[in-house]
There are 2 protein chains.
Amino acid sequence: MSAVSCTQNVGRPRAFDMNTALEKALEVFWRKGYDGTSLSDLTEAMGINKPSLYAAFGNKEQLFLKAIELYESRPCAFFLPALEKPTAYQVAEHMLYGAATNMTDHSHPQGCVVVQGALSCSEAAATVKEALIRRRLEGQQKLRQRFERAKQEHDLPASVDAETLARYLGTVLQGMAIQANSGATTEQLQQVAQLALQAFPRP
Amino acid sequence: MSAVSCTQNVGRPRAFDMNTALEKALEVFWRKGYDGTSLSDLTEAMGINKPSLYAAFGNKEQLFLKAIELYESRPCAFFLPALEKPTAYQVAEHMLYGAATNMTDHSHPQGCVVVQGALSCSEAAATVKEALIRRRLEGQQKLRQRFERAKQEHDLPASVDAETLARYLGTVLQGMAIQANSGATTEQLQQVAQLALQAFPRP
DNA sequence: CTATTTTTGTACCGAACGGTAAGTTATTTT
DNA sequence: AAAATAACTTACCGTTCGGTACAAAAATAG
């Protein structure tokens, strides 16, 4: 009558790896968006049947949200590492060039699933759309905080509005996602990044 | 036996205005995207039945493409008028500030339907996605030509790469569509526009 | 071994999808 | 008035949608 079962290894073992399956689901959502992805698309890509999907991940909406979590926790993610750079300019630089590389990487769909996963969407997708908006705003908030720190460190002029600077950077990054989705190359986005940095205030 | 019927006013007259109905369809596609919009959404908003829709507009895909045509031909469109401004800087300025105003106008859905109408989408939407990509590239091409003209007129330095400048502007405009779609205000986008202009080369 | 637990494949659910056949209604032409 | 034309309403088409009931299968626990 032990109250808490430890790792629960009783019963038939799962025949697929949840993380691998989630990776596959992410790729489909990334390429087709939430509304454009059907359960058949998902089960085919994940190599499992619908009951297995529902038992392991809940439903389509929860699967999407878990896929987004995976997306943001990936080692190849460029956002959080860029925030750690020593100067505000370097933060922006690494973020823009990181985006240019990552969003055009052909080992996965082009662009950014947080931007293009549920932009204009049905009412059924309203929850996931809100979740993506929140994540985008959180990213911008992190940028703003980083730039406010830079102002305190006299790394950015006091006259700079950290919020506007963060929103400008977020806007360019999101625009780059559209460009990548439309077929822009790494080099083309690097040129955009270089030009976008011209607007960045120097200390 | 006159071969060509003129205005074809024989038969029962159409009970709805095609242009008004197309406006309604555009608004639904704008808000929900191609995949997220159902025929029921459309017929309800347009105030007609499905057979009327099919008789007047072909099918869902053709209706979408006609709605996009309407969108781009609207009087409130800011893109083409901005191209006519006397200097390259003013072109960019009017385009960015025009976008800030237009994309946050609450008399219609926020953002830009050419950007968000079919970004990530199902295979059924592949044609309309391609059409939207083409329209975005055409817009950027028009910007590039305008900036090349500016170089010839010594309105822009010869060192400027018109294509990169056009792509930068396109990127910021597309990013502003995402921002507007996420709830950004006119004022916030105007601040972004002001900052984005800092990267623009002065003559 | 048997009992229990969990996953598996199959087969199915009602609802909604995009699209259409068919007959009625309103208008012009003769 | 009668014929011709085109849009109208209704009711339906086959398919796919997201989601699930159920029993066989595979593991552990006793």
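The sequence lines fix the lettering, A, B, ..., with proteins before strands; numbering per chain opens at 1.
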Length of the CD-C1' vector between Glu123(A) and dA16(C), whole Å: 14 Å
Sugar-phosphate only, base, or nothing, as touched by Thr37(A) at under 4.0 Å among non-hydrogen atoms: sugar-phosphate
Nearest listed nucleotide, side chain of Ser38(A), among dG18(D), dA7(D), dG9(C): dG18(D)
Leu53(B) CG to dG19(C) C1', straight-line distance once rounded to whole Å: 10 Å
Backbone of Leu83(B) reached by a side-chain donor or acceptor of Arg146(B) within 3.5 Å: yes
Phosphate OP1/OP2 of dT8(C) contacted by Ser52(A) side-chain N/O (<4.0 Å): yes
Donor-acceptor side-chain pairing of Gln179(B) and Gln188(B) below 3.5 angstrom: no
Sugar-phosphate only, base, or nothing, as touched by Ala124(A) at under 4.0 Å among non-hydrogen atoms: nothing
Rounded distance in Å - CG (Asp35(A)) to P (dG18(C)): 11 Å
Where protein sits on nucleotides 20-30 of chain C, one letter per nucleotide: B base, S sugar-phosphate only, - none, heavy atoms under 4.0 Å: BB---BBBSS-
Distance in angstrom units between Leu39(A) CG and dG9(C) P, rounded: 16 Å
Contacts of His94(A) that satisfy ring-ring contact (aromatic ring centres under 6.0 Å, His included) - sequence neighbours left out: none
Cationic N near anionic O, under 4.0 Å, Glu123(A) to Lys32(B): yes
Residues that Phe64(A) engages under ring-ring contact (aromatic ring centres under 6.0 Å, His included), provided they are two or more places apart: Phe29(A), Tyr34(A)
Protein-nucleotide distance (Met18(B), atom CE; dC8(D), atom C1'), rounded to Å: 16 Å
Gap between atoms CE and P, on Met46(A) and dT8(C) respectively (whole Å): 11 Å
Interatomic distance, Phe16(B) CZ vs dA6(D) P [rounded to whole Å]: 15 Å
For atom CZ of Arg14(A) and atom P of dT28(D), their distance in whole Å: 15 Å
Exam field: side chain Glu72(A) to backbone Leu70(A), donor-acceptor pair closer than 3.5 Å: no
Asn49(B) side chain near dT9(D) phosphate (N/O to OP1/OP2, under 4.0 Å): yes
Sugar-phosphate only, base, or nothing, as touched by Ala56(A) at under 4.0 Å among non-hydrogen atoms: nothing
Test item: side-chain donor near acceptor, Asn49(A) and Ser52(A), under 3.5 Å: no
Residue-phosphate contact under 4.0 Å: Ser40(B) side-chain N/O, dA16(C) OP1/OP2: no
